[in-house]
Amino acid sequence: ILALYCDKKRRLNTIPYRHRLSVRLMVLAMVSAFVLGLLFSGVQLWFDYVQESAAIDKRAQLLLATTQAPANEAAYNLDDKLARQVVQGLAQTPSLTRIHLVSYPSITLARYQRQIAHGTLRDLAQRVFGTHRHYQVWLYDPQRQVIGELHIKMHLGEEGLAFVNRAGAVILNGMARAAVLGMILSLIFWLQLTKPMRALSLQLQRMNPDKPTRTRLPLIPQHKHDEL
């Protein structure tokens with residue numbers, strides 16, 4: 001009898017790993033947790049993208065607004081020195097790759113241009129936001145007649161670096177939360193379903209089909225009122 005019981009238990013333990021209920025539930029829990037984690041992270045990143053895109057436009061408009069008054073004066077008086085000061089001030093913003101201050105009809109008072117080095121994160125930001133955005137503001141004389149324009153070109157690879165860094169952190173945190181959630185669900189499945197079913201399976205294998213009433217299945221206290 002002991003040999004028969006050991007043989008039955010051995011056969012139960014030799015069920016292929018991938019076919020075990022606990023493994024299947026664990027895989028299902030982990031996959032579900034990761035899918036939900038990616039979905040929630042994607043929604044969060046979309047809202048962050050919309051806000052960051054609007055913030056880029058707002059920063060560019062703010063730069064133009066703060067320099068419009070001296071730019072008006074430089075265009076009105078054809079003041080090259082003041083125009084260069086305006087352009088040099090704007091050039092302190094690392095993401096601006098071209099600045100052009102023009103007095104109509106076609107007098108270029110000052111300009112600035114530079115190249116920004118390529119990088120993995122910058123290239124990724126460009127894929128998200130695009131390569132450049134152009135902004136301009138009209139320049140006026142005291143009579144509010146248009147006398148020129150101030151034009152800037154913004155490199156979005158530089159502006160989008162902060163978003164890319166945040167996106168990486170959001171994805172990593174989402175995956176970590178999903179992994180923890182998956183492990184917790186797997187543990188719950190094991191304790192509440194797989195473990196008691198395994199115990200019942202062992203008890204069933206101990207029964208003698210010819211005399212089934214001599215062995216009673218144990219009553220699991222925490223499962224007194226459910227299907228088990």
Side-chain angles (χ1 to χ4, degrees), residues 37-176:
L38 289 175
L39 178 61
F40 292 146
S41 297
V43 172
Q44 182 178 349
L45 288 176
W46 170 254
F47 283 108
D48 192 11
Y49 163 79
V50 172
Q51 293 176 351
E52 182 64 24
S53 181
I56 291 174
D57 292 336
K58 186 176 181 180
R59 287 193 293 270
Q61 296 298 337
L62 181 61
L63 285 172
L64 292 174
T66 55
T67 55
Q68 185 174 16
N72 285 338
E73 182 178 349
Y76 181 68
N77 296 318
L78 301 178
D79 190 335
D80 294 349
K81 182 177 180 181
L82 180 57
R84 287 194 298 271
Q85 291 177 353
V86 171
V87 169
Q88 289 170 1
L90 288 171
Q92 300 304 311
T93 302
S95 60
L96 296 185
T97 58
R98 188 170 67 189
I99 308 166
H100 198 193
L101 199 160
V102 177
S103 177
Y104 290 157
S106 59
I107 301 175
T108 299
L109 297 177
R111 68 167 57 194
Y112 176 84
Q113 189 168 351
R114 65 177 161 200
Q115 297 292 329
I116 292 182
H118 289 281
T120 302
L121 294 181
R122 288 190 179 94
D123 292 343
L124 182 57
Q126 286 181 327
R127 290 181 178 274
V128 175
F129 294 100
T131 305
H132 296 93
R133 288 184 187 176
H134 298 264
Y135 304 89
Q136 71 176 26
V137 62
W138 302 113
L139 305 178
Y140 299 93
D141 64 11
Q143 289 74 40
R144 301 299 298 172
Q145 299 292 321
V146 176
I147 58 173
E149 68 178 68
L150 176 60
H151 178 272
I152 61 175
K153 182 181 180 181
M154 182 170 283
H155 190 282
L156 299 184
E158 185 73 23
E159 279 290 317
L161 281 177
F163 170 81
V164 171
N165 290 326
R166 288 198 307 273
V170 168
I171 293 175
L172 290 177
N173 288 336
M175 299 298 286

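Numbers here simply count residues along the sequence, with the first being 1. These figures come from a predicted structure and were not determined experimentally.
The OG1 atom of Thr131 lies 7.5 Å from the CG atom of Leu156; values are rounded to the nearest 0.5 Å. Annotation: the span from Glu158 atom CD to Leu121 atom CG amounts to 10.5 Å, rounded to 0.5 Å. How far CG of Leu90 is from CD1 of Ile99: 5.0 Å, rounded to the nearest 0.5 Å. Between Leu150 atom CG and Leu101 atom CG the span is 5.0 Å, to the nearest 0.5 Å.
Residue pairs meeting the side-chain hydrogen bond (donor to acceptor under 3.5 Å, both in side chains) criterion with at least one partner in residues 98-119, sequence neighbours excluded, are His100-Thr108, His100-Arg111, Tyr104-Glu149, Tyr112-Arg114, His118-Asp123.
Contact annotation: the side chain of Met154 never approaches that of His132 to less than 4.5 Å [non-hydrogen atoms, C-beta and beyond]. The closest side-chain heavy-atom distance from Gln126 to Arg122 is not below 4.5 Å. Side-chain contact between Val146 and Tyr140: present, with at least one pair of heavy atoms (C-beta onward) separated by less than 4.5 Å. In this structure, Thr93 and Ile152 have side chains that are not in contact, with every pair of non-hydrogen atoms separated by 4.5 Å or more. In this structure, the side chains of Tyr135 and Ile56 come closer than 4.5 Å at one or more pairs of heavy atoms.
Here the closest non-hydrogen pair linking Ser41 and Gly174 is OG-CA, 3.7 Å. Nearest approach of Phe129 to Phe163, heavy atoms of both residues: CE1-CD2, 3.6 Å. Heavy atoms only, all atoms of each residue included: Val86 and Ala71 are closest at CG2-N, 4.1 Å. The minimum heavy-atom distance between Ala125 and Gly157, with the atom names listed, is CB-O, 3.7 Å.
For the residue pair Ser53 / Arg133, a side-chain donor-acceptor distance below 3.5 Å is found, with atom types taken as modelled.
Between the side chain of Asp48 and the backbone N or O of Gln44 there is no donor-acceptor pair closer than 3.5 Å.
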> Should Leu82 and Leu109 be marked as a side-chain contact (heavy atoms from CB on, under 4.5 Å) after you check the CA-CA gap, both sets of side-chain angles, and the distance that decides it?
Replying inline: CA-CA 9 Å; Leu82 180 57; Leu109 297 177; over 6 Å; no

Full working for side-chain contact (heavy atoms from CB on, under 4.5 Å) between Ile171 and Leu45
CA-CA 9 Å; Ile171 293 175; Leu45 288 176; 3.9 Å; yes

Result block: side-chain N/O donor-acceptor pairs under 3.5 angstrom for residues 59-70, not counting sequence neighbours:
unit_1: Arg59; atom_1: NE; unit_2: Glu159; atom_2: OE1; d: 2.9
unit_1: Arg59; atom_1: NH2; unit_2: Glu52; atom_2: OE2; d: 3.2
unit_1: Arg59; atom_1: NH2; unit_2: Glu159; atom_2: OE1; d: 2.6
unit_1: Thr66; atom_1: OG1; unit_2: Leu62; atom_2: O; d: 3.1
unit_1: Thr66; atom_1: OG1; unit_2: Leu63; atom_2: O; d: 2.9
unit_1: Thr67; atom_1: OG1; unit_2: Leu63; atom_2: O; d: 2.9
unit_1: Thr67; atom_1: OG1; unit_2: Leu64; atom_2: O; d: 3.3
unit_1: Gln68; atom_1: NE2; unit_2: Trp138; atom_2: O; d: 2.9

